[in-house]
Amino acid sequence: MSYAAIPLILAVVCVMLGRRMLTLLIILGYLEVEGFLKLVSNYNRFVHVGLDIIVLSLAGTMVLVAVTARRASLPDLPWVRLILLYVLWLFLELFSPYSAGIIQSLASYKIHLTMIPLYFLAAEIFREPKDIIRFITALTLLAFVPYVASLAQYALGPASMLDLSARAWQNISRFHEWRPFGTSAVPGGSSVIAFLVTPLAVVLLVTPREWPRVRLIATVGILLAGGVFVVSGVRQVFLGCVLALVLMAGLAASRGRGRGVLALVFVLALGTGSYVAVQTFLRPMAREAIQSERNIPNIWRERDVTDRMATLGQARTYFQARGNPIHGIKLRLTRYPFGAGLGRTGSAAGAFQKSVGSNQESARIQNELGWSDNFFADMLVEVGIPGLVMLTTILLGMIAGAVRLARRARDPVIGATSAAIAGLFFSFLAMSWGSQPLLSNPITAYFWVLAGVLAAMRRMESEASAAGEPAEIEPAAVPALAR
């Protein structure tokens, strides 16, 4: 029960802090260790919804204060009306005739609804470009925790993790290699944090006149993230990060600035160094630890997770790693155009598996739909064509807005951060064909936070233009990175 107190205490702290950057950092910091807390607490109910408790407590307090002070009004933010329409549709889905039950439907809001308030919180917190730099620096430092945990667990072997909880073995039993958990609930889960934070850390490298220690933090963070990608073996997440960085560099090059391209080359060199370091120092330690372990699958002794990166040079990896989802999408489009009821995918489906099976009609629908590893197919199941169209339109609109801001921003911090957000959001879209990035944390939380940062930067840029501030002249690219 002591683990259950952690999210409750943090919820109180965040409510007391209110609309501050520290509040947002506490939320994202808790998100990085929530998976680990789930494992060691055997998925305690309060811990399992800990992030939701924190966010909803803060959001409820903000709304209550606004109503009592008679300041309740629709925020003047991009995409806000479409977001609120999407929220309304989620409430209407509670009354779907195919619903598996009201409790299960409400539980599905964990992946659909409860992170949306982070958009409004982030949009209000950031007031000037310096706030963004401080925020990204703090995020990069927070990410050191899952990075170091993953690398240490890989080198020390299964004994460093599996004896902490029976659920850890349950979550890794189907894998063919030993993969570190880091601070997540799934093997290789810390690579998702590396994917989300690395493009933002690059912002610290390409922004002119940043302090040397900020650049050092970014450099060390990127080195550690590269190692996490190697020991996690989650190829799709690694490719998503590469895609985000390439788009980020392309946007910088489109403005005639070589700093972005130079940063990409620098990150490539850091990544190569990480790979060599893992193979040279950590892999021998991991192989020795695994050979001495008992009660582990023999295949773990024969295979190493770091070998998965070598398969990225094989064409069949890209064609065979995921099944073709077209049939499943067509089935859902034709049979359930308005959705088959909330809670039929994700964590809600797992938590209420027995209750779904006990209802004959609900079990029939669940068996007909089966399982899918595709964002569009799962969204069709949960919220139907209207919900899928709305959320996809929001994502596409944010990508377009980030690209436009990255190309036109007068401030280099806003330009670089917008490019990083554009790269990440485009990666979310690309990854959606083989996974569900926007239907699980930490990506869902980061999506709404970064969307709020993007809205705040649009406001900053508009205010600067209205005030007639001159565009900041950037120094040469090479000295900026070298300082």
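Below, each value reflects all heavy atoms present in this structure, side chains not excepted, and no hydrogens, waters or symmetry copies.
- The pair R179-E177 counts as a salt bridge, with a side-chain nitrogen and a carboxylate oxygen less than 4.0 angstrom apart.
- The distance between the ring centers of F238 and F195 does not fall below 6.0 angstrom.
- Of all non-hydrogen atoms in P442 and I193, the two that sit nearest each other are CG-CD1, 3.9 Å.
- With a 6.0 Å cutoff to the six-membered ring centre and a 45° limit on the axis angle, R174 does not count as a cation-pi contact of W169.
- Counting heavy atoms from C-beta on, the side chains of Y446 and L424 never come closer than 4.5 Å.
- Aromatic pair F91/Y109: centroids less than 6.0 angstrom apart.
- Side-chain contact between L380 and I385: present, with at least one pair of heavy atoms (C-beta onward) separated by less than 4.5 Å.
- Considering only heavy atoms from C-beta on, T392 comes within 4.5 Å of F376 through its side chain.
- Between the side chains of T183 and E32, no donor-acceptor pair of N or O atoms lies under 3.5 Å.
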Exercise for the section: Show your working on side chain to side chain donor-acceptor pair (under 3.5 Å) between E93 and S105 and close with a plain yes or no. Expected result: CA-CA 8 Å; E93 280 289 333; S105 297; over 6 Å; no
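- Looking only at side-chain heavy atoms (C-beta outward), S432 and P437 come within less than 4.5 Å of each other.
- Side chains of H112 and M379 form a contact here, defined as non-hydrogen atoms less than 4.5 Å apart.
- Classification of the F126-F135 ring pair by plane angle, with boundaries at 30° and 60°, yields perpendicular.
- Between L438 and F428, the closest side-chain pair of non-hydrogen atoms falls below 4.5 Å.
- Aromatic ring pairs are classed by plane angle as parallel below 30°, tilted from 30° to 60° and perpendicular above 60°; the pair Y119 and W448 is perpendicular.
- Residues L121 and L58 meet the side-chain proximity criterion, which asks for heavy atoms closer than 4.5 Å.
- At a threshold of 4.5 Å between non-hydrogen side-chain atoms, the residues L388 and F375 count as touching.
- In terms of heavy atoms, L405 sits closest to M457 at CD2-CB, 3.8 Å.
- Enclosure of atom CZ in F338 is not indicated, since only 12 or fewer non-hydrogen atoms of other residues, nucleotides or ligands lie within 6.0 angstrom.
- Nearest heavy atom pair, residue S427 against residue L243, reads OG-CB, 3.8 Å.
- Under the ring-ring contact (aromatic ring centres under 6.0 Å, His included) criterion, Y98 pairs with Y336, sequence neighbours left out.
- Open room surrounds CG on D76; 12 or fewer heavy atoms of other groups in view lie less than 6.0 Å from it.
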